[in-house]
Number of protein chains: 2
Amino acid sequence: MQNRPAEMEKRKLTLKDIATSLGISISTVSRALKEHPDIAQETIDRVKEYAQEHHYVPNYLAVNFRKSRTFNIGLIVPELVHHFFANVISGAIAVANKHGYNVMVSQSNDRLADEVMVSRAMLNSSVDGLLISISNETIEGLHIQEFMDAGKPVIQFDKITDLLDTPKVIVDDFDGAYQAVKHLIHRGYKKIAHVKGRDLVKNASERCQGYVKALENHGMESSPDWIKGCTDISEQEGFDFAKELMESNNPPDAFFCITDLVALGVIRYLKQAGYQIPKNVGVMGFSNWHLAEVVSPSLSSVDQHGYEMGKMATEIILEMIQKHSLDNHETYELKTKLVIRESTGSVQSNLVTQG
Amino acid sequence: MQNRPAEMEKRKLTLKDIATSLGISISTVSRALKEHPDIAQETIDRVKEYAQEHHYVPNYLAVNFRKSRTFNIGLIVPELVHHFFANVISGAIAVANKHGYNVMVSQSNDRLADEVMVSRAMLNSSVDGLLISISNETIEGLHIQEFMDAGKPVIQFDKITDLLDTPKVIVDDFDGAYQAVKHLIHRGYKKIAHVKGRDLVKNASERCQGYVKALENHGMESSPDWIKGCTDISEQEGFDFAKELMESNNPPDAFFCITDLVALGVIRYLKQAGYQIPKNVGVMGFSNWHLAEVVSPSLSSVDQHGYEMGKMATEIILEMIQKHSLDNHETYELKTKLVIRESTGSVQSNLVTQG
DNA sequence: CTGTTAGCGCCTTCAT
DNA sequence: ATGAAGGCGCTAACAG
């Protein structure tokens with residue numbers, strides 16, 4: 001490796017340089033490089049060879065300016081350090097890269113102010129479109145509307161609002177919960193409790209409704225006392241609610257939890273109190289975090305296909321970008337997948353594994 | 001919200017528009033907008049007011065083209081869906097956004113071919129600099145050298161190679177391991193085993209050396225038989241090695257594991273085999289994944305400050321970008337933090353918690 | 001204080 | 001089959 005001074009950055013070759021070197025015009029060079037049919041094969045070869053040898057690489061800042069597009073897509077999530085969103089991002093990047101796009105990632109920390117800030121920064125730095133899962137605080141989303149006003153497609157995913165007329169990619173939380181509870185019923189559990197999330201959060205209330213519906217449809221015993229609402233959706237809350245319920249007059253024999261984390265708390269209590277899982281009590285989580293697979297007993301859960309969601313949202317937005325059309329108002333609903341592990345009675349740890 | 005047709009994207013206002021509307025020249029408008037001292041206050045006010053009213057927003061594609069910079073920084077990690085890297089990204093984005101930069105994220109999937117592809121895409125789409133944690137397969141890194149050849153700073157972090165002369169931000173794995181093992185010794189464990197990673201991976205061998213050194217310095221019994229090398233660094237390997245060691249003639253009374261995941265496998269075996277943790281056997285992980293806090297017994301571990309690392313790397317690169325200088329060849333070493341939990345004998349779950 | 005001019009690198013009519 | 005010329009929107013000398 002030659003040792004040139006760090007500062008000495010050689011000026012990049014331009015079309016003009018090639019043109020003068022070869023004694024032809026800039027436009028011929030430009031056309032030759034993209035194998036325009038008008039150009040003589042000989043010229044094409046000469047130009048391409050020269051470009052190759054001298055490592056010509058187009059100035060994309062100029063290209064993009066000229067065409068006013070960036071080949072970037074923006075992606076905003078509430079929380080980056082989160083298994084589900086990390087998966088979404090991963091899927092989005094995979095598709096975007098495959099099509100020659102880069103992904104600019106930001107997070108809102110579930111705060112509206114931050115979301116406005118980062119979205120503004122993206123609109124300015126010019127992305128060609130935006131994928132967003134809105135913050136808990138976002139209501140109207142005028143800052144998001146700005147993208148569409150500028151002709152840039154927006155896709156909402158996971159956490160969405162109907163106040164913004166964009167395509168939406170969501171997970172069928174209701175059905176996921178329904179299937180999960182149905183599974184518990186089939187396993188023979190008779191008294192199924194639910195540790196739910198906050199009612200104002202759509203995903204949470206959907207799951208709760210799925211739970212209720214599944215009990216109803218199977219003629220199962222149910223009771224409002226068996227539904228406990230988390231506030232911060234923590235491991236500790238799972239522990240506390242499990243304790244409260246198991247010590248009550250009418251203790252459940254299974255728990256369907258809003259989240260794997262909460263389920264872990266439930267398990268911690270049950271083990272400590274001497275219950276056998278899944279023999280005495282079954283436990284079902286939701287989200288299928290990485291940890292569900294490695295804790296013991298391993299945790300049955302509902303996989304939300306974050307990676308798939310990221311892929312799908314990106315495919316949709318790329319199509320809109322290419323068609324230069326904002327005319328898509330569909331809602332795409334992804335089915336969840338039940339992942340059955342030890343905590344609901346499978347013999348082996350990996351009866352079903354996620355895809 | 002007014003209901004305009006989705007396609008009708010109004011052409012954005014330009015400096016020229018403002019100039020003709022106000023009957024002054026483009027450059028005056030340009031200068032007025034940035035409050036150039038030469039311009040009369042009155043003119044400034046007129047221009048600014050007009051701009052405000054008509055929602056002028058500069059065309060950043062043009063600005064960036066003109067100044068040939070993008071206000072983007074690239075970030076490539078081996079694996080996005082990984083607690084540590086997610087934290088790094090999060091920290092990087094926080095700092096970048098604060099300084100008006102966006103972050104373009106990609107992953108190499110620990111494959112050289114992918115890394116070359118995504119780095120090329122970033123160089124093309126023009127980022128102003130690159131943060132990278134190289135893939136396992138990367139040796140020379142000529143594709144990364146290209147950034148520096150183009151005058152763009154590169155910072156390596158976590159997984160690095162000395163073949164590339166860039167600033168580096170790493171974690172002091174040796175010291176982290178040393179402190180962890182020292183802690184086990186102080187807790188009274190006498191026979192400490194190590195489930196290590198692959199020797200070719202620098203971080204892994206550093207940790208192993210820290211382990212060896214700590215035993216040495218404290219005159220502890222040691223044995224090559226107590227060191228087991230993982231290949232895929234899985235939970236199952238932890239389980240298997242724990243079984244193998246505990247069933248041997250000279251079983252250890254503590255495990256220092258290359259990773260929290262491996263530690264979980266160790267714990268699973270120990271519990272199943274009837275050992276008490278931490279009473280009979282202590283277990284120490286490494287990386288302080290989220291799960292370390294929520295499993296039971298909660299797992300003592302070594303925090304690598306991913307968030308801090310992302311922040312630091314970004315601060316360094318921003319400074320280089322601003323100074324327009326590649327003249328930085330330092331290695332910044334972050335200290336780890338020992339997080340003591342139940343698995344090594346603390347009474348409460350959270351004697352020390354991470355920052 | 002303000003306007004004129006030139007140009008960043010590329011693409012694209014239009015002409016030859 | 002090739003060239004000349006204009007312009008994307010903005011900035012920054014250089015002139016007045």
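Order of the sequence lines fixes the chain letters, A, B, ..., with proteins taken first and strands second; residue numbering starts at 1 for each chain.
- In this structure A:T166 satisfies the side-chain hydrogen bond (donor to acceptor under 3.5 Å, both in side chains) test together with A:Q156, sequence neighbours excluded.
- Defining each end axis of the helix from C:dC1-D:dG16 to C:dT16-D:dA1 as the rotation carrying four pairs' C1' atoms onto the next four, with five pairs an end, the two axes are found to diverge by 50° to 10 degrees.
- One can place NZ of A:K16 at 14 Å from C1' of D:dA4, the figure rounded to the nearest angstrom.
- The side-chain hydrogen bond (donor to acceptor under 3.5 Å, both in side chains) test applied to A:Y307 returns no partner, not counting sequence neighbours.
- A close approach under 4.0 Å does occur between a side-chain nitrogen or oxygen of B:Y56 and OP1 or OP2 of D:dC10.
- The distance between atom CG of B:L61 and atom P of C:dC11, rounded to the nearest whole Å, is 14 Å.
- At the phosphate of D:dA12, neither OP1 nor OP2 sits under 4.0 Å from any side-chain N or O atom of B:K67.
- Annotation: salt bridge (Lys or Arg N to Asp or Glu O under 4.0 Å) contacts of A:E137 (sequence neighbours excluded): none.
- One interatomic measurement links the two molecules: CZ of B:R66 to P of D:dC10, which rounds to 12 Å at whole-angstrom precision.
- Every residue two or more places apart in sequence or in another chain that forms a ring pair (Phe, Tyr, Trp, His ring centres under 6.0 Å) with B:F65 is listed here: A:F65.
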Listed pairs, N/O of protein and of nucleotides 2-4 of chain C, under 3.5 Å:
{"unit_1": "C:dT2", "atom_1": "OP1", "unit_2": "B:T43", "atom_2": "OG1", "d": "3.0"}
{"unit_1": "C:dT2", "atom_1": "OP2", "unit_2": "B:A40", "atom_2": "N", "d": "3.0"}
{"unit_1": "C:dT2", "atom_1": "OP2", "unit_2": "B:T43", "atom_2": "OG1", "d": "3.2"}
{"unit_1": "C:dG3", "atom_1": "OP2", "unit_2": "B:S25", "atom_2": "N", "d": "3.1"}
{"unit_1": "C:dG3", "atom_1": "OP2", "unit_2": "B:S25", "atom_2": "OG", "d": "3.3"}
{"unit_1": "C:dG3", "atom_1": "OP2", "unit_2": "B:T28", "atom_2": "OG1", "d": "2.6"}
{"unit_1": "C:dG3", "atom_1": "N7", "unit_2": "B:R31", "atom_2": "NH2", "d": "2.8"}
{"unit_1": "C:dG3", "atom_1": "O6", "unit_2": "B:R31", "atom_2": "NH1", "d": "3.0"}
{"unit_1": "C:dG3", "atom_1": "O6", "unit_2": "B:R31", "atom_2": "NH2", "d": "2.8"}
{"unit_1": "C:dT4", "atom_1": "O4", "unit_2": "B:S27", "atom_2": "OG", "d": "3.1"}

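- Listed by chain and number, the residues in a side-chain hydrogen bond (donor to acceptor under 3.5 Å, both in side chains) with A:T43 amount to none (sequence neighbours excluded).
- Remark: the A:T70 side chain and the A:N64 side chain contain no N/O donor-acceptor pair separated by less than 3.5 Å.
- To the nearest angstrom, P of C:dC11 lies 11 Å from CD1 of A:I18.
- As a whole-Å value, the separation of A:L13 CG from C:dC10 C1' is 14 Å.
- The ring pair (Phe, Tyr, Trp, His ring centres under 6.0 Å) check on B:Y56 picks up nothing, with sequence neighbours excluded.
- For B:E319, the side-chain hydrogen bond (donor to acceptor under 3.5 Å, both in side chains) criterion is met by B:K323, not counting sequence neighbours.
- When rounded to the nearest whole Å, the span between CZ of B:F65 and P of D:dT11 equals 13 Å.
- The side chain of B:S30 contributes an N or O atom lying less than 4.0 Å from OP1 or OP2 of D:dT11.
- The aromatic rings of B:H54 and B:Y50 lie parallel to each other, with less than 30° between the two planes, well short of the 60° mark.
- Put simply, B:K12 has no side-chain N or O that comes within less than 4.0 Å of OP1 or OP2 on D:dG9.
- Rounded to whole Å, atom P of C:dC11 lies 6 Å from atom CG of A:L15.
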